[in-house]
Amino acid sequence: MDSTDRAYELGFQSLDEEVTDRRLPVEGSVPTWLSGALIRNGPGSFEFGDERATHWFDGLAMLRRYGFEDGEVRYTNRFLRTEAYDDTQSGATAGEFASGGGPLREALRWLRALGPPAPTDNANVHVARFGGHHVALTEAPRRVAFDPTTLETRGEFRWNDEIREHLATAHFAVDPHRGETIGYATAFGRRSKYHFYRVPDGSAERERFATVDAEGPGYVHDIAITEKYAVLVEPPLRIALLRALLPWGDGLLDMLDYDADRDARFIVVDRDSGALVADCRTDPFFVFHHLNAYEDGDDVVVDLVAFEDADIVEALTFETLSKDAFAAAPDGRLVRFRVSPDSDEVTRTRQYDGSLELPTVPRAVRGRPYRYAYAQATDRRGANGLAKIDVDSGTANEWWERGVYVEEPRMVQHPSADAEDDGVVLAPALDTETERSMLLVFDAETLTEIARAPLPHVVPFGFHGRYFPEA
């Protein structure tokens with residue numbers, strides 16, 4: 001069995017074991033200035049009684065914590081204890097992206113006054129901090145608080161406001177310059193809406209600053225920010241609301257339609273006034289994740305990972321992954337879109353020719369002009385690598401190792417950094433040859449590996465995480 005086959009067998013294998021504050025052996029040297037924790041989220045189990053999930057997005061939420069202090073790495077992993085967790089003990093599915101009753105079916109029931117929605121609390125996508133609360137997130141409008149040290153579940157986190165939402169964001173844009181976090185919500189109705197809101201640092205309350213009509217509505221996964229603006233990209237992957245009523249429909253995946261004849265839409269909103277600054281169209285494409293955005297004169301520059309169409313969504317079903325793991329997945333490309341509000345024009349240029357996903361930029365340049373981005377490099381069979389892209393020159397440094405599948409990287413700057421790329425890059429990875437997961441640590445300037453810390457087991461491929469200096 002080659003490494004591609006092993007990647008599927010190992011990376012999508014359920015993990016039952018939980019460990020607490022386990023000191024990991026370190027090969028190499030972790031900088032002593034690195035103090036805090038990388039907390040990641042993703043599926044931990046795909047089996048529910050005699051059934052198996054049908055899509056990667058539907059696994060049962062498990063948090064992973066990598067704590068750093070004085071050159072040591074300590075590891076904890078723990079399932080979120082939620083209603084979804086309890087349901088799986090009796091064989092029910094945990095997620096509703098590709099299976100189960102589906103959040104949209106429940107939302108439409110609510111719209112028809114047949115009862116309140118009961119979406120999943122299987123918050124398996126991302127993590128965030130609101131005031132003193134660390135919160136696990138998914139795209140259903142339910143969030144789960146947890147202890148950032150022990151990962152113990154603290155209960156459901158609820159907003160105390162009247163913002164309607166039927167689909168939520170798991171991707172909040174943290175702005176360290178203005179001291180706030182920006183999010184959005186999709187509300188269904190005769191005219192569906194996107195609500196934009198902020199959460200000030202130190203607060204656990206949302207403040208809505210804009211509402212824009214949705215078209216489709218589209219399946220929007222991420223948001224970008226600049227110094228002045230919030231940017232949503234509405235792809236032509238439409239949510240067929242009426243299909244949620246069909247008795248044979250399952251989850252959100254069953255309700256998505258990609259319309260190649262419709263344009264992609266860029267929505268630019270002023271973060272202070274709430275004014276719609278731009279509502280522009282361009283040739284169709286699909287996007288999960290943004291790299292960064294910033295203002296260049298009167299234009300808004302948006303860098304993201306673009307796919308030719310939405311085939312990537314189907315490529316992440318287990319039916320497809322079991323045949324060729326990630327090797328058959330479509331390629332995502334780093335594309336720069338320049339939005340000109342005065343003329344409603346959108347131009348696009350490719351910034352780098354390699355294939356990539358799960359990008360990040362240094363904290364200090366979020367929403368500002370920047371030079372470097374870090375991402376999972378994906379265009380090689382038998383491995384996923386790591387890429388540091390120079391968006392000015394279109395060049396990159398890349399790191400690969402046979403049989404190693406790198407997950408989402410996170411760049412952590414040195415506390416006294418005087419250069420954008422002064423710091424380290426943290427990236428979990430699966431080594432298919434040793435059949436063990438590990439944490440990799442790289443010098444952010446050279447992309448040279450400086451340390452690796454093997455885990456006591458294989459952790460299923462996860463999604464997203466954040467570095468919390470205080471955790």
Side-chain angles (χ1 to χ4, degrees), residues 55 57 97-98 102-104 107-108 139 166-171 184-196 211-224 230-244 246 249-269 276-291 293 300-317 320 329-341 343-350 355 357 359:
H55 199 285
F57 294 175
F97 187 84
L104 294 178
L108 282 177
E139 293 184 319
H166 296 111
L167 284 182
T169 181
H171 283 275
Y184 65 94
T186 304
F188 302 133
R190 288 183 178 273
R191 172 66 70 174
S192 296
K193 308 284 186 181
Y194 301 124
H195 298 302
F196 295 77
T211 295
V212 177
D213 286 346
E215 295 180 1
Y219 173 64
V220 180
H221 186 76
D222 200 354
I223 190 171
V231 183
L232 280 188
V233 179
E234 185 184 62
L237 183 61
R238 308 297 177 176
I239 301 171
L241 295 180
L242 294 180
R243 195 179 302 168
L246 297 177
D250 282 330
L252 178 58
L253 180 62
D254 194 50
M255 303 165 203
L256 297 178
D257 276 328
Y258 188 79
D259 187 352
D261 294 326
R262 299 189 67 169
D263 290 337
R265 179 188 181 201
F266 281 77
I267 302 168
V268 182
V269 172
L276 181 60
V277 175
D279 190 350
C280 308
R281 273 72 172 171
T282 190
D283 291 341
F285 68 92
F286 178 70
V287 54
F288 274 125
H289 302 117
H290 297 270
L291 280 80
V300 178
V301 176
V302 183
D303 291 349
L304 52 78
V305 179
F307 294 88
E308 289 187 6
D309 52 37
D311 287 353
I312 182 64
V313 179
E314 184 69 29
L316 300 179
T317 63
T320 303
D331 290 329
R333 305 294 185 182
L334 171 50
V335 177
R336 171 163 293 175
F337 291 88
R338 182 175 290 270
V339 180
S340 300
S343 63
D344 277 348
E345 291 184 353
V346 181
T347 59
R348 61 187 291 172
T349 55
R350 183 180 292 183
S355 179
E357 247 297 2

Passes side-chain contact (heavy atoms from CB on, under 4.5 Å), Tyr258 versus Leu237? Steps please.
-> CA-CA 4 Å; Tyr258 188 79; Leu237 183 61; 3.9 Å; yes
Going through the distances and angles, do Leu167 and Ile239 end up as a side-chain contact (heavy atoms from CB on, under 4.5 Å)?
-> CA-CA 11 Å; Leu167 284 182; Ile239 301 171; 3.6 Å; yes
His171 and His290: CA distance, side-chain angles, deciding distance, side-chain contact (heavy atoms from CB on, under 4.5 Å) verdict | CA-CA 10 Å; His171 283 275; His290 297 270; over 6 Å; no
To the nearest 0.5 Å, tell me how far [X] [atom1] sits from [Y] [atom2].
{"X": "His55", "Y": "Thr320", "atom1": "NE2", "atom2": "OG1", "value": "8.5 Å"}
{"X": "Thr211", "Y": "Lys193", "atom1": "OG1", "atom2": "NZ", "value": "7.5 Å"}
{"X": "Asp331", "Y": "Ile312", "atom1": "CG", "atom2": "CD1", "value": "9.0 Å"}
{"X": "Asp309", "Y": "Asp259", "atom1": "CG", "atom2": "CG", "value": "12.0 Å"}
{"X": "Glu139", "Y": "Phe57", "atom1": "CD", "atom2": "CZ", "value": "8.0 Å"}
{"X": "Tyr219", "Y": "Leu256", "atom1": "OH", "atom2": "CG", "value": "7.5 Å"}

Nearest heavy-atom neighbours spanning [X] and [Y]:
{"X": "Gly189", "Y": "Ser192", "answer": "N-OG, 3.5 Å"}
{"X": "Val220", "Y": "Pro235", "answer": "CG2-CD, 4.4 Å"}
{"X": "Phe288", "Y": "Glu357", "answer": "CB-OE2, 3.8 Å"}
{"X": "Pro359", "Y": "His289", "answer": "CD-CB, 3.9 Å"}
{"X": "Glu215", "Y": "Arg238", "answer": "O-NH1, 2.5 Å"}
{"X": "His195", "Y": "Ala187", "answer": "NE2-CB, 3.9 Å"}

Within a strict 4.5 Å, meaning less than it, do heavy atoms of the [X] and [Y] side chains meet?
{"X": "Val300", "Y": "Val302", "value": "yes"}
{"X": "Pro330", "Y": "Glu308", "value": "no"}
{"X": "Ile267", "Y": "Tyr184", "value": "no"}
{"X": "Val269", "Y": "Leu276", "value": "yes"}
{"X": "Thr186", "Y": "His166", "value": "no"}
{"X": "His221", "Y": "Val287", "value": "no"}
{"X": "Val335", "Y": "Asp303", "value": "no"}

Can Leu291 and Val305 be said to form a side-chain contact (heavy atoms from CB on, under 4.5 Å), step by step?
-> CA-CA 7 Å; Leu291 280 80; Val305 179; 3.8 Å; yes
Verify the ring-centre separation between Phe337 and Phe266: is it less than 6.0 angstrom?
->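 Yes.
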Lys NZ or Arg CZ of Arg333 over Phe285 ring: under 6.0 Å, within 45° =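 Pair Arg333/Phe285 does not count as cation-pi.
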Asp279 bridged to Arg281 by N-O distance under 4.0 Å |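 So Asp279 pairs with Arg281 through a salt bridge.
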